[in-house]
Amino acid sequence: MNVVVCVKQIPDPAEPGALNPDHTLKRDGKLILDESDSYGVEMALQLVDTAGEGEVTLVSMAPNSETSGLRTALAMGAAKAVLVSDEALKGAGALDSAKVLAAAIKRVEGADLILAATESSDGYTGTVPEQIAAVLDLPSITFAKHIEIADGTVKVQRQTEAGYDECECPLPAVVSVTAGVVEPRYPSFKGIMAAKSKPVDEVKVADLGLDAGIVGWAGAGQEIVDVSAAPEREAGEVIEDDGEAYTKIVEFLDGLKVL
Amino acid sequence: MALSKIWVHAEAVDGKVANITLEMLAKARELGDTVECFYAGPDADAIAATVGAHGATTLHSTGDLNGGLIGVHLGAAVAEAVGSAAPDLIMFGTTQDGRDTAARLSVKLDKPVLTNNSGISVDGDAIVVETQIFGGTQIVKTKFAAGGPALAVFRPKSFVAEESGGGAASVAELTVPDVGAAGAAKIVDRHVEESTGPKLDEAAIVVSGGRGLGDAEKYQIIEDLAKALKGAPGASRAIVDAGWVPYSYQVGQTGKVVKPTVYIAAGISGATQHMVGMKGSKNIIAINKDPEAPIFSIADLGVVGDVHKVLPKLLEALQSR
Ligand SMILES: Cc1cc2nc3c(=O)[nH]c(=O)nc-3n(C[C@H](O)[C@H](O)[C@H](O)COP(=O)(O)OP(=O)(O)OC[C@H]3O[C@@H](n4cnc5c(N)ncnc54)[C@H](O)[C@@H]3O)c2cc1C
Ligand SMILES: Nc1ncnc2c1ncn2[C@@H]1O[C@H](COP(=O)(O)O)[C@@H](O)[C@H]1O
């Protein structure tokens with residue numbers, strides 16, 4: 001059972017976000033493993049563990065040869081990683097990212113299952129995993145909250161508006177995992193030490209047989225024309241509860257004639 | 001200048017056309033001369049009647065997919081069809097199947113898809129979409145520059161649904177080509193969680209609880225308040241992830257977008273990802289023990305206090321009316 005997990009390395013969401021002058025997202029500080037992807041890593045480790053054989057390989061596309069997020073996932077227990085880092089990818093859109101990631105996934109031999117998050121924390125397009133499946137011409141199941149593998153088939157509980165659908169699909173396949181569905185393990189000290197020497201195969205766009213002119217910002221087929229502040233919502237009255245604040249709420253609702 | 005043709009992804013839940021579809025149809029009518037829908041699922045005639053009443057003239061329908069997942073099949077079908085039909089713009093909702101279909105289609109057509117939009121306009125012959133970033137504090141306008149069709153995915157509640165008074169749309173067959181192994185995923189069973197009362201994204205009043213409630217049992221008072229107010233209970237992701245309530249309760253970026261008359265946030269800090277899902281509410285009441293909680297910056301009435309003290313008294317007062 002070999003599982004590839006797509007992991008995005010992103011600016012810390014706890015820090016306020018900022019844009020470059022060309023309106024692309026600033027990504028030059030230290031990057032961390034996207035929390036959304038930590039669930040996929042955990043899920044993959046559990047599936048390999050249950051299968052009793054195989055390994056977890058990470059695939060990531062990030063600027064400046066960034067590996068800090070990868071090291072976190074390697075410390076959790078992934079065996080190795082493929083990193084695509086290329087100046088030409090600055091500002092790549094979702095479709096371009098998917099083409100690049102798909103090509104990187106192809107470098108990993110014998111991948112039975114490819115996992116990603118349903119959406120990343122900084123881009124949240126929620127289209128990349130399904131686009132990867134389309135580029136690789138593989139079946140896919142998105143919004144998984146539970147995954148099981150048996151006899152070459154992946155069984156998934158797929159989140160829906162009103163509950164979930166039980167889905168099945170022969171391997172190889174792409175599955176996207178919703179956040180919060182497993183408890184990502186904390187890397188152990190031993191894991192952190194081991195991660196330092198785990199192999200990270202760093203490649204450029206050209207190594208993947210792709211044309212850098214097509215997958216970067218220049219080829220993204222979109223142009224930001226304006227960035228402006230959204231109209232702000234004014235704060236209203238703030239009161240301290242003195243034991244009677246509930247009457248204020250009732251009055252407020254009364255005033256709106258909703259009672 | 002108006003666009004000549006727009007296609008809108010029609011989705012249905014339990015045979016009823018989804019609100020997001022009707023919202024997009026209202027906007028599409030404003031922007032395009034001809035508006036058509038495409039759809040994968042059963043009951044095409046009933047769907048055609050509703051989308052027709054909201055301005056679509058044709059429903060391109062694949063019919064029931066018999067357990068096949070929508071994205072891969074509908075994406076391939078639309079890719080084949082647009083060759084001849086060539087809409088300028090194809091609109092999708094931010095739903096599971098909407099995103100899947102847009103993603104598959106974008107690869108087939110080799111066109112970018114722009115997601116998370118909350119607005120759209122036509123400027124000369126350019127299509128420009130609006131996206132909120134950084135928790136809705138900034139709005140980015142992006143122009144499609146790759147030639148048509150433009151693929152755009154919209155957040156629910158971005159537009160207001162409105163009937164146009166049109167007759168039923170005519171149903172046209174949309175052929176699904178053979179997608180080979182890529183189409184092998186199947187739905188084998190469906191599980192629907194029981195729910196009573198108004199739906200979260202339709203209720204006039206939403207009462208949401210967060211981690212500040214302390215533990216799962218304490219959520220009951222949120223349900224009781226929602227019931228007393230004839231509203232719907234909601235939640236922050238923190239307590240959905242913790243397993244206190246199902247995902248269908250979640251309000252926010254990765255949950256539902258709500259715009260009720262009144263939104264009550266109890267024990268919710270007001271993370272940007274929560275706020276993008278409820279900021280559009282007409283009135284916001286927040287109860288939080290931390291006077292610095294970000295939620296107060298958007299609340300019309302903020303109560304600095306303990307939910308365990310304020311909520312029981314509020315419930316009692318409402319129930320005794
Ligand atoms: C990619 C991504 C997507 C996300 N999507 C969503 C989403 O869709 N929806 C969402 O909600 N979140 C989402 N989040 C999570 C979000 O960032 C926050 O973590 C979450 O909203 C916090 O939930 P909370 O306010 O309940 O908990 P906390 O942030 O822990 O806040 C609890 C609040 O309760 C208050 N409190 C504690 N005790 C009491 C008491 N006794 N009485 C009154 N107040 C009390 C505290 O002062 C605090 O303000 C997302 C995060 C990421 C990274
Ligand atoms: N640059 C990237 N590197 C690795 N994985 C990515 C990248 N971009 C997207 N993904 C994967 O696709 C998921 C969804 O991303 P998005 O479509 O941007 O919301 C992410 O959580 C990752 O699993």
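Chain identifiers are assigned alphabetically (A, B, ...) following the order of the sequence lines, protein sequences preceding nucleic acid strands; residue numbering begins at 1 within each chain. Here the structure is a predicted model, which means the values were calculated and not measured.
- Shortest non-hydrogen contact noted between A:T127 and B:R99 is CG2-O, 4.1 Å.
- Only the side chain of B:I205 has a heavy atom closer than 4.5 Å to any heavy atom of chain A.
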Evaluation steps, side chain to side chain contact (heavy atoms under 4.5 Å, CB included), between B:T142 and A:D226: CA-CA 7 Å; B:T142 311; A:D226 184 48; over 6 Å; no

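- Between the CD1 atom of B:I133 and the OH atom of A:Y124 there is a distance of 7.5 Å, given to the nearest 0.5 Å.
- Salt-bridge check for A:K99 with B:D110: passed, with a basic side-chain N closer than 4.0 Å to an acidic carboxylate O.
- Of all non-hydrogen atoms in B:L301 and A:F252, the two that sit nearest each other are CD2-CB, 3.8 Å.
- Note on A:G163, A:A245, A:S228: by heavy-atom pairs under 4.5 Å with chain B, the leading option is A:S228.
- When the shell of 6.0 Å around NZ of B:K141 is examined, it contains 12 or fewer heavy atoms from other residues, nucleotides or ligands.
- Judged purely by atom type and a 3.5 angstrom limit, A:E130 has no side-chain atom pairing as donor or acceptor with the backbone of B:T101.
- The pair B:K289-A:D241 does not meet the salt-bridge criterion, since no charged nitrogen lies less than 4.0 angstrom from a carboxylate oxygen.
- In summary, the side chains of B:Q96 and A:T142 do not present any donor paired with an acceptor at a separation below 3.5 Å, with no hydrogens or angles considered.
- Between A:D165 and B:K186 there is no salt bridge, since none of the side-chain N atoms of the basic residue sits less than 4.0 Å from a carboxylate O of the acidic one.
- When every heavy atom of B:P112 is checked against every heavy atom of A:Q222, the shortest pair comes out as CB-NE2, 4.1 Å.
- Looking at every heavy atom in both residues, A:R233 comes nearest to B:K279 through NH1-O, 2.9 Å.
- Taking the charged nitrogens against the carboxylate oxygens, A:R158 and B:D97 do have a contact shorter than 4.0 Å, which makes a salt bridge.
- Side-chain contact annotation: A:S140 with B:R104, donor-acceptor N/O pair under 3.5 Å present.
- Heavy-atom pairs under 4.5 Å with chain B peak, among A:A133, A:P231, A:A98, A:G123, at A:A133.
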